[in-house]
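All values derive from a computational prediction rather than experimental measurement.
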Amino acid sequence: MSQKKMKALQLLAPRRTVLAETPVPDTPPDGLLLKTRCVSICSTDISFYEGHLYPSRYPVVLGHEYLGEVVDVGPRFSGTVDVSTGDRIVYWGQTDFDGFAEYRSVRPVFSGEEKEDLFWADRNFYDDRRAAAVRVPDTLDDLQASFIEPTTGALRSLLSHPPKVGDRVLILGTGPIGIIAGSVIKRLLAPHSVVSVDANPRRNEHAARHFSQRACLPAELDREVPENTFDYVFDALPTVKVSDREKDPRRLAMRKLKPRGRYVLYGASQEMQQFDTWLMLAKGLNISSAPFDVSSFPMHRTAGVIVAAAHMLSTGIVDGEGLLSTVCPFDDYDRLVDILANYRSTTDLKTVVDFRTPRRYDPPAARGETATRGRTGTTGAGRVVAPRGEADAGRVAAAGEGSP
């Protein structure tokens with residue numbers, strides 16, 4: 001095991017964190033060692049932080065919307081992509097952990113490969129110790145490159161269960177995943193219309209700028225949109241708790257779906273949520289999702305999806321610059337913890353944790369050999385960016401996205 005140390009943000013229990021020193025991971029013989037550049041915060045991270053999702057054991061290092069720079073290549077690494085030190089890599093794996101650390105290792109599967117290393121996970125599905133990966137194109141800066149991972153997640157759902165041409169679409173929740181999904185549907189999948197709903201008025205403004213022809217508050221959707229209006233719902237909501245079950249946004253969306261309408265669930269919670277079985281039966285609704293189980297959706301298929309995700313960000317189909325709200329230096333521990341604690345009430349979209357500061361340790365392969373790309377992005381570390389030049393309109397209750 002490596003005796004070198006790195007900084008890592010550990011979650012000790014719900015809402016309890018520490019900035020710890022941990023060993024730098026060894027380079028897998030058939031994998032890569034990455035030096036962390038940027039990690040964007042996901043609603044999954046917040047669900048673990050708040051305790052709506054929970055690991056099999058503590059402590060854990062959260063963070064998985066990850067961009068790293070190759071600093072070491074394992075002696076048995078081979079594949080369809082020629083990888084060298086200095087290359088930037090984004091991965092999509094089943095693990096929800098290990099991103100908020102200065103280094104991490106990965107055993108990649110690139111597009112065109114069919115490698116796998118399966119095991120039975122403790123959350124009821126087959127997982128893979130390998131992760132789908134892509135070498136980041138030069139057209140993407142570091143900050144936007146960290147959005148390849150969430151774009152991959154949304155695309156897995158959309159490509160598995162797309163709306164039909166001419167469908168009336170409802171996006172449920174306009175956090176980053178909802179905006180990514182809505183943007184792809186609006187620009188590529190030829191819907192009749194795309195409407196969105198969120199409890200956060202500022203996020204409704206974001207949705208209207210990115211894709212939504214009408215961005216509603218839940219009460220407006222309930223009051224002004226007739227039942228049996230939509231053909232397709234994409235559910236990008238996190239854990240939802242409401243005192244009046246009739247006003248639960250998921251039940252509301254089911255009422256607005258046509259008979260035999262399709263309801264695509266993106267995220268999940270280990271807390272029970274309100275799904276109306278009467279409406280499912282009465283209307284014959286089709287509830288579907290893209291499985292995490294790699295025996296059904298192998299990692300080599302996700303490796304194809306992650307290439308498409310990088311392309312969508314490079315070409316502007318998904319507006320990465322428009323998704324970026326905040327950049328927080330990893331070294332600013334207090335501010336980072338405050339962001340985690342207050343994430344649900346933010347009006348922001350994506351917050352990126354920036355690791356691009358001098359490290360206390362560079363492995364031998366990186367000393368004098370790693371090509372420094374110098375990609376600083378369009379936003380300075382620690383600076384809050386109001387999307388499209390608009391000021392913060394205040395903090396309100398948010399509805400975002402999550403994943404298991």
Side-chain angles (χ1 to χ4, degrees), residues 25-40 42 44 61 63-119 126-156 159 180 290 292 294 297-314 318 320 355 365-366 370-371 373 375 403:
D26 293 322
T27 306
D30 58 351
L32 308 170
L33 180 63
L34 305 177
K35 181 170 67 174
T36 309
R37 294 183 70 84
C38 293
V39 184
S40 58
C42 175
T44 302
V61 176
H64 62 103
E65 295 184 356
Y66 182 94
L67 168 70
E69 178 183 326
V70 178
V71 293
D72 196 23
V73 179
R76 297 203 301 272
F77 174 82
S78 64
T80 59
V81 174
D82 183 18
V83 176
S84 304
T85 56
D87 285 339
R88 298 178 302 156
I89 299 293
V90 169
Y91 74 90
W92 191 99
Q94 306 295 18
T95 177
D96 303 302
F97 307 121
D98 293 335
F100 293 142
E102 292 180 298
Y103 292 85
R104 74 152 297 147
S105 62
V106 65
R107 297 170 64 203
V109 178
F110 291 101
S111 181
E113 301 174 351
E114 294 194 17
K115 302 173 182 177
E116 63 180 17
D117 185 1
L118 274 55
F119 67 99
Y126 277 104
D127 202 348
D128 197 332
R129 293 181 178 88
R130 292 184 174 274
V134 65
R135 188 173 59 190
V136 177
D138 291 340
T139 50
L140 281 179
D141 66 28
D142 284 353
L143 298 174
Q144 294 185 50
S146 66
F147 303 154
I148 294 174
E149 196 277 353
T151 302
T152 302
L155 277 181
R156 289 173 83 257
L159 294 174
I180 291 168
F292 278 81
V294 293
F297 202 133
M299 199 60 71
H300 68 83
R301 292 186 182 176
T302 301
V305 177
I306 199 171
V307 173
H311 175 73
M312 289 185 181
L313 281 157
S314 294
V318 175
F355 286 74
T370 300
R373 295 178 175 266
R375 293 181 177 88
S403 62

Undergrad: L32 and side chain to side chain contact (heavy atoms under 4.5 Å, CB included): which single residue from V83, T85, T27 fits?
TA: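 The single option meeting the side chain to side chain contact (heavy atoms under 4.5 Å, CB included) with L32 is V83.
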Undergrad: Do R104 and F97 meet the cation-pi criteria used here (NZ or CZ under 6.0 Å from the six-membered ring centre, within 45° of the axis)?
TA: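 Checked: cation-pi criterion not met.
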Undergrad: If you take all heavy atoms of I89 and R135, which pair is closest and at what distance?
TA: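 It is CD1-CA, 3.9 Å.
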Undergrad: Which heavy-atom pair separates V71 from K35 by the least distance, and what is that distance?
TA: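 Looks like CG1-CB, 3.7 Å.
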Undergrad: Can you tell me how far CD of E102 sits from CZ of R37, rounded to the nearest 0.5 angstrom?
TA: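 Result: 13.5 Å between the selected atoms.
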Undergrad: Here's a test for you: under salt bridge (Lys or Arg N to Asp or Glu O under 4.0 Å), which of D26, D30, D128 qualifies with R107?
TA: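 The passing option is D30.
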Undergrad: Report the distance from atom SG of C38 to atom CZ of R88, rounding to the nearest 0.5 Å.
TA: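 Separation between the atoms: 9.5 Å.
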Undergrad: Parallel, tilted or perpendicular: which describes the rings of Y91 and Y66, with under 30° parallel and over 60° perpendicular?
TA: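 Judged by the thresholds at 30° and 60°, the geometry between Y91 and Y66 is tilted.
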Undergrad: Donor-acceptor pair, distance only, cut-off 3.5 Å: does the side chain of R156 make one with the backbone of I306?
TA: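 No, because the side chain of R156 does not come within donor-acceptor range (under 3.5 Å) of the backbone of I306.
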Undergrad: Locate the shortest heavy-atom distance separating V136 from A145; write the atom from each residue and the value.
TA: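 The answer is CG1-CB, 3.8 Å.
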Undergrad: Can you tell me how far apart OG (S105) and CG (D98) are? Round to the nearest 0.5 Å.
TA: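 Between S105 OG and D98 CG, I get 8.0 Å after rounding to 0.5 Å.
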Undergrad: Any donor and acceptor pair, going by atom type alone, linking the side chain of S146 with main-chain N or O of L67 inside 3.5 Å?
TA: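 No, the answer is negative, given that no donor and acceptor are paired below the 3.5 Å cut-off.
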Undergrad: Name the residue from L155, I148, T151 that meets the side chain to side chain contact (heavy atoms under 4.5 Å, CB included) definition with V318.
TA: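 One option only clears the test, and that one is T151.
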Undergrad: Using the ring pair (Phe, Tyr, Trp, His ring centres under 6.0 Å) criterion, which residues pair with F100? Sequence neighbours excluded.
TA: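 F100 satisfies ring pair (Phe, Tyr, Trp, His ring centres under 6.0 Å) with no residue once adjacent residues are dropped.
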Undergrad: Can you tell me how far apart NE2 (H64) and OG (S40) are? Round to the nearest 0.5 Å.
TA: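 Going from NE2 on H64 over to OG on S40, the span is 8.0 Å.
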Undergrad: Sub-3.5 Å donor-acceptor pair from the side chain of E113 to the main-chain atoms of T80, do we have one?
TA: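 Yes; judged by distance alone, with no hydrogens or angles, the pair exists.
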Undergrad: To check you understand the geometry: which heavy-atom pair defines the closest contact between V305 and T152, and what is its length?
TA: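 Heavy atoms only, the tightest pair is CG1-O, 3.7 Å.
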Undergrad: Compare every heavy atom of Y103 with every heavy atom of T36, then report the nearest pair and how far apart it is.
TA: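 For T36 and Y103, the tightest heavy-atom pair comes out as OG1-N, 3.7 Å.
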Undergrad: Locate the shortest heavy-atom distance separating P150 from E65; write the atom from each residue and the value.
TA: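 The answer is CB-OE2, 3.4 Å.
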Undergrad: With a 4.5 Å heavy-atom cut-off, do P25 and L33 have their side chains touching?
TA: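 Yes - at least one pair of side-chain heavy atoms lies under 4.5 Å apart.
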Undergrad: For the atom pair CD (E116) and NE2 (H300), what is the distance rounded to the nearest 0.5 Å?
TA: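 Nearest 0.5 Å value for the CD-NE2 distance: 7.0 Å.
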Undergrad: Determine, for R130 against D117, whether the closest basic-nitrogen to carboxylate-oxygen distance falls under 4.0 angstrom.
TA: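 No.
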